[in-house]
Amino acid sequence: EKFGLGRPALPEEVAAWDLDVAPDGTGLPAGSGSVEDGEMLFSENCAVCHGEFAEGVDNWPKLAGGEDTLADEDPLKTVGSYWPYLSTVWDYVHRSMPFGGAQSLSTDEVYAITAYILYSNYLVDDDFVLTNENFLDVEMPNADGFIVDDREASEAHFWNAEPCMENCKETVEITMRAAVLDVTPEEVSEEVVKEQEEIKAAAEAQATAPIAMPDPKLVAAGERVFRQCKSCHQVGEGAQHRVGPALNGVVGRKVGQADGFRYSPGVVKAAEEGMIWDHDTLDAYLESPRAVIPKGRMSFQGLRADEDREAVIAYLRTFN
Amino acid sequence: EPDPLITEVQPWAQGLGDGVDAVPYGLPIEYEDDVIRRNVEWLTADTISSINFTPIHALDGTITPQGCAFERHHSGAIELRKEDYRLMINGLVDQPLIFTYADLERFPRENRVYFCECAANSGMEWAGAQLNGAQFTHGMIHNMEYSGVPLRTLLEEAGVKPEGKWVYVEGADASSNGRSIPLEKAMDDVLVAFKANGEALRKEHGYPVRLVVPGWEGNMWVKWLRRIEVTTQAIESREETSKYTDTLEDGTSRKWTWEMDAKSVITSPSPQSPIKHGPGPLVITGLAWSGRGSITRVDVSTDGGKTWATARLAQEGQDKALSRFYLDITWDGSEMFLQSRAMDSTGYVQPTKDQLREVRGLNSIYHNNGIQTWWVNAKGEAENVEIS
């Protein structure tokens, strides 16, 4: 029975949403990208979480390494060691990455980043160019590493066994206790709640008096929040440019002024327009980098809590 | 000694309470503010792409209130207005279609209660007891009454071509979470749902529309559902290759492990719900479920599996929904090793953790449905342990 509801989908609409790519290459658009271009694009868009060499930062996924570890005690599952299809890499980067800036990469940029991820896994040479033509020629090391769910056969003994009710075992000994490992989250203590409230209050005071000397409590909180920035930005004595510029003296200064750092066209344009890293601009930028500098390269998803942003600004101010 | 709560007039018996307009959409009373979803910070890099846990140790019955039902996001919980909602059906169909939210409300709809369990529920326990609380070991589950349109109805409206064998379902959030589902399942019991427990879906559960894939792993229950594509093959997206596959001891991995096997857990007593009353009457209770059918029986052991007693099901098991079980005992105040063992309508018997490890090794992450043990001491405190 047809209800006659809905309307026909237009070809442009289907084209806009139907982006997925299947293992046999169905859905893959024409294009190409080199390892060389991919290295720069990866550094700008991906390294903040996945590391310069796809080795992963903190708890973020490692994309390279782990070959021959799948039968080990702690297998390292990466694109190189685990992923069976290259289509999955291209499709995921294209539709879902970078984190907080999904679907901002062009087709060729996705080819280039995919090529670089292959290179970081030693699967292609440094002069390799990935295209829709040679896409299916790339061999994925773990392509044959998967079987379709076989539980009904390999675990058939879990079915229809008459469960034992009496005298099922002679002894019961404890072999492992969760309390020994002690990784269960604690209830939030009153002290922690009090400290969080004090930081919030300090952040609010800071926002209304941006010129004042930063509150030490806020600076300390900012140093903790800044850990998220450290994989790309250094600050303090001897700070060097990394993926992002060193941040000494940034608060209150004109945008794009760190000596020797190659800024994105977006930042250069903002500098030409006279943008200043004052309190409110920094605050907005830290909340959503691409909302303030749309074509910028800071591929950070942003700090959502007001007090976290105030704390980082207070911390940075101590390096002026 | 007379109880002053009885002999003296209490303020609530004298003064006045809140008026009817104090809280237009109610929240739990403040005395229950410890009954909340909890996060395990070390599990993931960022709370935006993470999971929290249902406080199953503090709930009873079978229906999970939406406000404390676990959340799992890959790019955060988005805000999508009904007016901005579009659902596309494309691929191998006679007529690709676009539905608005209002269109969906005009199709005949069903009401069904189903559990939704993350494939990684109990996943941190593969190598041994780690987290001390039923919320953390078994809380990636909820059970709600969904109102929605059968996916079959929408697919028939578009007309599936004979070469169509799979559907690829995709969300509208930045993660583009997508999964491949065999057409047979899509035409069976899958729902395109917009209400849960009678009210609109919460933001964190995919408002305004999510997919309900009864009995199958939670990752397939795509939230903010925006597209259903009929295909000849599985897309093998990131969520069905690099994740949600089960690596065995020899390094090969199972894929397409969709069904959630029969499983149970005692929710009280448990580490977050100790016995506070000393010896005497004690209610042992817990939850049981199976993605392959209904729960037919649950056995409980208080001595670590030496002897078992069949528990009482609060009501007859329902298809792919949570069952509540009770064992009412007289506790003598000595230590107990509490376990529960579920059986389902396909004859499946919940295995021990060691039985699972014999088949799968220690690296599976997903689909851990082994029997849980709580060690209750003479003070009534409980701990997550593994036993011989």
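Just so it is clear, the structure is predicted and the values come from calculations on it, not from any experiment. Naming: A, B, ... by sequence-line order, numbering from 1 per chain.
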Practice task
Could you tell me which of Asp250(B), Thr346(B), Thr100(B), Thr252(B) has the largest number of non-hydrogen atom pairs under 4.5 Å with chain A?
Solution key: Thr346(B)
Problem - Distance in Å, Ser242(B) OG paired with Asn142(A) CG, rounded so as to fall on 0.5 Å steps - result: 11.5 Å
Exercise for the section: Could you tell me whether Arg292(B) and Glu152(A) have a side-chain N and a carboxylate O separated by less than 4.0 Å? Expected result: yes
Exercise for the section: Select, from Leu87(B), Thr245(B), Asp173(B), Ile89(B), the one with the greatest count of heavy-atom pairs under 4.5 Å involving chain A. Expected result: Thr245(B)
Handout entry: Neighbour count >12 (heavy atoms, 6.0 Å) for atom CG, Asp150(A)
Key = yes
Problem - Basic-acidic side-chain contact under 4.0 Å: Arg254(B), Glu155(A) - result: yes
Problem - Pair Arg7(A) + Asp103(B): basic N to acidic O under 4.0 Å - result: no
Problem - Spatial distance of atom CZ (Arg151(A)) from atom NE2 (His367(B)) [nearest 0.5 Å] - result: 5.0 Å
Practice task
Identify which part of Thr69(A) has an atom lying under 4.5 Å from any heavy atom of chain B, answering side chain, backbone, both or neither.
Solution key: neither
Problem - Lys/Arg-Asp/Glu bridge criterion (N-O < 4.0 Å) met for Lys2(A), Glu156(B) - result: no
Handout entry: Contacting moiety of Thr352(B), where chain A heavy atoms sit under 4.5 Å
Key = neither
Handout entry: Carboxylate-amine/guanidinium proximity below 4.0 Å for Glu170(B) and Arg95(A)
Key = yes
Problem - Heavy atoms from other residues, nucleotides or ligands near CG of Asp33(B) exceed 12 (cutoff 6.0 Å) - result: yes
Problem - Carboxylate-amine/guanidinium proximity below 4.0 Å for Lys255(B) and Asp149(A) - result: no
Practice task
Output the option from Val40(B), Asn39(B), Leu362(B), Asp46(B) having the highest count of non-hydrogen pairs under 4.5 Å with chain A.
Solution key: Asp46(B)
